[in-house]
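Keep in mind that the numbers below use all heavy atoms, side chains included, and drop hydrogens, waters and symmetry copies. Order of the sequence lines sets the chain letters (A, B, ...), proteins ahead of strands, with each chain counted from 1.
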Amino acid sequence: MWRGCPVPFAMYTVPKLTDYSAQALETAAADCVRACADEAAGVRNEAELKAFRDRWMGRKNGVLTQINDLWLKAAPKDAKREAGRRVNQIKAHVEDILLKAEFLRLELATGTPLRSGRVDISLPGIRRPIGAEHPVLRTSRELVAVFQKLGYSVADGPVVETDYYNFESLNFPPNHPARDTQDTLFIAGQQAKPPRERLLLRTHTSPVQIRTMEKMRPPIRIVIPGTVHRNDPPDASHSPMFYQIEGLAVDTNITFGDLKGTLDHAMKEFFGSRVKTSFRPSFFPFTEPSAEMFVSCFICGGSGKRGTDNAPCRPCKQTGWIEILGCGMVDPNVFEFVKDNGYDPKKVSGFAFGMGADRIALLKYGVDDLQLFFQGDVRFLRQFS
Amino acid sequence: MKISPQWIRDFVDLTVDNHRLAEDLTAVGIAVEAISGSGPDTVFEMEIGTNRPDAMNHYGVAREAAAIYDLLLKPIEPNVPPAKGDAKFSIQVEETRLCPRFTARIMRATSIKPSPDKTAHRLQLLDQRPINNAVDATNYVLWEMGKPTHVFDMDLLEGGKIVVRKARDGERLKTLDGVERKLTSEDLVVADAKQPIGLAGVMGGFETMITEKTKNILVESAWWDPGTVRKTSRRHGIHTEASHRFERGADFESTVLSCDRVTELILQSGGGDLIGDVIDVVSNRMDQAPVALHIAEVRRILGGKIVASEIYRILKKLGFGVIPAGEAEQEFTVHIPTWRLDVEREIDLIEEIARLHGYDKFDNTLPAFTGAVVDLPHAAVDTALRNRALALGYNEAVSLTFISRADAERFASASGEAPVLELENPLSEEASVMRTAMAPGMLDMLAWNLNRGSEGVRLFEMGRTYEMRGAEPSEPQRMCLGTTAAAVKSALPAAAVLDVSKDEQSGVAEAFRLFKGEVENLLAKFAGELAYDRQTAEYFHPGRSARALLDGTVVAQFGQIAEDVKAARKLRQEVFLAEIDLERLYTCGLRQVKFWPLAKYPAVERDFSFVFADAVEFEQIHRAVLNLRLDDLRSLDPVEIFRGGSIGAGKYSILLRATLQSSARTLRDEEVAQWSAKIVAALQGLGGVQRA
Ligand SMILES: [Zn+2]
């Protein structure tokens, strides 16, 4: 019967309100907003838009004005506040509907999508440059954090050390062949001093072990990050300066199993829970038994081969294992130097370990040249941002 | 060091293949680093610790293998023919402490020729060049059992005797390498009746060496004091396979055995007669005290439950004498084999037990711990500064600790004229002094980037510098920021530009201001009032650098680098540096956050446009207005600066904005007008002329 003909507009008229309860106000407001939206949907051209605008927003007898008169002005005193709030809500809705209707008309007129707040989100964002942490220091901080969580305090000591702290108290007797392996850099003009007071650049962070045990009684757990120096000319795998992280735990019941367990836990925290550790006998004057710790290669997963073509894994030299650090039980001779501060080797035992943060960073990030760490080249550094 | 697994198989009947052997040796610390060759010619490249001279030979490695696999180790039993006649030769040891044992054998009518194939081949596998049957015999024995020996041409020894003595100052000896050496009284020598014929434990003499003419041979096998050998080897710069072993400690009880073995090999290959008995001068017997080993101590150190029978088995296989002491197998008396000079304490035995038991067989455990966890005292400050620098776009960099003498002089330590720390044995002239400041390293890094096409560079470094304070070295911590002009300019937001003049100077001023702001962003973390002056070091641009003082203490200097420094380092751009004295900042402490109630009443802004002479700086203007002590003056900010145009040379115009706000009430127009008039008067007092 009505087919083919538009549904005749049931034009909205503003009802008088008798019931000013919140419920009634809400219903009336909802009816009004719905009517407005329905009428807006019918707008097809400029003329209809103008008619729509006048009917709703007209100052003289527009729907909004009527609502103001019929609902707000007529409202009983105690309902004025709530009625006012509702009327303002309706106003905001109607304005919004009108705005949309206007954009819609524009779209119809031009045939292009609306600019209604739309931007090209594919354009590159404007970035403020953010600096990158140095990869070695970041590695060092991450490792230190692992040990902090295990109860280790951070300690440090001087880079310019005495022979006593760098060698003698670590059980490197004068003229011992083990000193030859350290390629020490010495400070000039020390000949007048007794040998043990002569200054040198510490070749490892281990002197801080003694310095800390002199200051603190057991039990102790410390982790020591810092720079060390060796007389090694710089090349792709050597540097006269590098970063070490040293650890020391001394208590009444520390065992070799504790050393292994602690380092195994730390490596799993750092490299991921899948890595395995393995310990091999080694020699350091200040630990006994001494060990080198290997982790299963975190690059090839321990298989020694990489990728689908089974290319040889270089970081682990195809062995599936990477040497990470040296460690061992603190040698009783070392405790003898601090015995008076509670370190009686018959009563306490402990373990120590030391690793190169540079080397670990090199492996972790696959960097092929140690020198890149010390050039400050922003093309390199920014990769770690 | 190279080892032939085939040679090891002479001493122990191994059932494993060479690869498995290499793995198992490595697991007990006799590390095989690489394997080359194949079959009987397989060679292991070994890495033996300096404490294990006993394992630097085939028999020693065989002993480890026998212990690993619980196999029998076959003894070395030289077959020496019966001796003829009497040697009529005397050995006289003057330095009995340095040469507690000297063993010798003499043979006659032997012939010198190439070694038998087997000997030559084995030496060649180890990269040893065969020379002749006598010399090769000593070499063979060195690689077989680790005991260095020496052979002399008997007929070239004067006076029918050997004397072990200190050299006389000025005495000379031509060593086997052909070098004429001047000896001192600190050198221990083997001499004949007349002169030195060998540097004890290091190298024999040239004049008495074996040649094809040699008929009669004296074999020496001695035990030398390790320290003396080491010193002599150092003094003369000679490192030999012999000195390597003697300075680490040879086997005292192997002198006769090694002497006999050399003799056997020479007589087998060259024929001849053995003359007389072995001459064995023992002046001082090595006394290795037995060590008490407690099972409880093994467990205290290693953890786990390693059993007494396992401990007993391991030590016995390695050649230790193990005798139960006390009751219930809780204690052993352990006698140390003479080849193990590295073992003298209970802990050394515990290491042997752990090593052969297998490190990986011990359970991983975590120790219990109670106690406080503390960070370094300055960790919070360092972290705050580092995070701010990163947020400002500076990349964290690390430069080397060494600088050149010239840079040390130019970039003197921040604390003034403190003496520098110089290296005794620097890597190079350019790296001979410990850095006194971080500026040289930073400038090098900036130059490095500019030379590689990176224009916008921002770097910072935190670390130590070095100087002497009195008699003690000191390591003050510093922070250094370095950036290129391009990086600074690109970061300047258009809305922040103050100086709108169209000249070059305005760009410079704005760049400086931006860099200053970055420094302020760092220093704002600290408690105290910031002030600035122009007393910067000479390597800064005199007009474009400043010192920052926090409550009167100098904490930083920053700004553009001086033209001559820029030129000397061939920097392709202007660069800015900030040197921050962390040592002093640490004493200031981080700023405590304090809450101020939010304003309830509106703020009023009043603008003042003035022309000043260039000599009047903002600091003076600011202070003049602050000195009015207007209670409700919240701030006085520069809004715009302009030079040129109608302003006239030597002057600039500045638009200032005063913000007035009361916390108690809304300000009245009259009082604002009154205060404005005071501000105008103060500015006029500085010679400013108000613009319409
Ligand atoms: Zn791998």
For the backbone of [Y] and the side chain of [X], can you confirm whether one donor and one acceptor N or O come within less than 3.5 Å of each other?
X: A:Gln375; Y: B:Met445; value: no
X: A:Ser349; Y: B:Ile301; value: no
X: B:Asp360; Y: A:Phe279; value: yes
X: B:Asn425; Y: A:Thr184; value: yes
X: B:Tyr394; Y: A:Ala132; value: no
X: B:Glu396; Y: A:Glu133; value: no
X: A:Lys260; Y: B:Asp363; value: no

Query raised in the report: Considering only heavy atoms, which portion of B:Arg300 lies under 4.5 Å from any heavy atom of chain A: side chain, backbone, both, or neither?
Result: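 It is both, since atoms from each part get that close.
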Report task. Using non-hydrogen atoms and a 4.5 Å limit, figure out which bit of B:Phe460 sits close to chain A: side chain, backbone, both or neither. Result ->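 Neither part; nothing is under 4.5 Å.
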Query raised in the report: Do NZ/NE/NH1/NH2 and the carboxylate oxygens of B:Arg345 and A:Glu288 come within less than 4.0 Å?
Result: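 Salt bridge: yes.
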Query raised in the report: Salt bridge between A:Arg280 and B:Glu47, side-chain N to carboxylate O under 4.0 Å?
Result: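 Salt bridge absent between A:Arg280 and B:Glu47.
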Pairs of heavy atoms under 4.5 Å with chain B: top-ranked of [options]:
options: A:Thr255, A:Val154, A:Leu201, A:Asp258; result: A:Asp258
options: A:Thr262, A:Asp264, A:Leu185; result: A:Leu185
options: A:Pro129, A:Pro233, A:Gly261; result: A:Gly261

**Report entry** Where A:Ala291 and B:Tyr359 come nearest, the two heavy atoms and their spacing
**Finding:**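 Looks like CB-CE2, 3.4 Å.
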Query raised in the report: So which heavy atom on A:Pro240 is nearest to which on B:Leu427, and how close?
Result: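 Taking A:Pro240 first and B:Leu427 second, the nearest heavy atoms are CB-CD1, 3.5 Å.
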Could you list the donor-acceptor pairs under 3.5 angstrom formed by side chains in residues 386-393 of chain B, with sequence neighbours left out?
from, atom 1, to, atom 2, distance (Å)
B:Asn387, ND2, B:Thr383, O, 3.4
B:Arg388, NH1, B:Asn521, O, 2.7

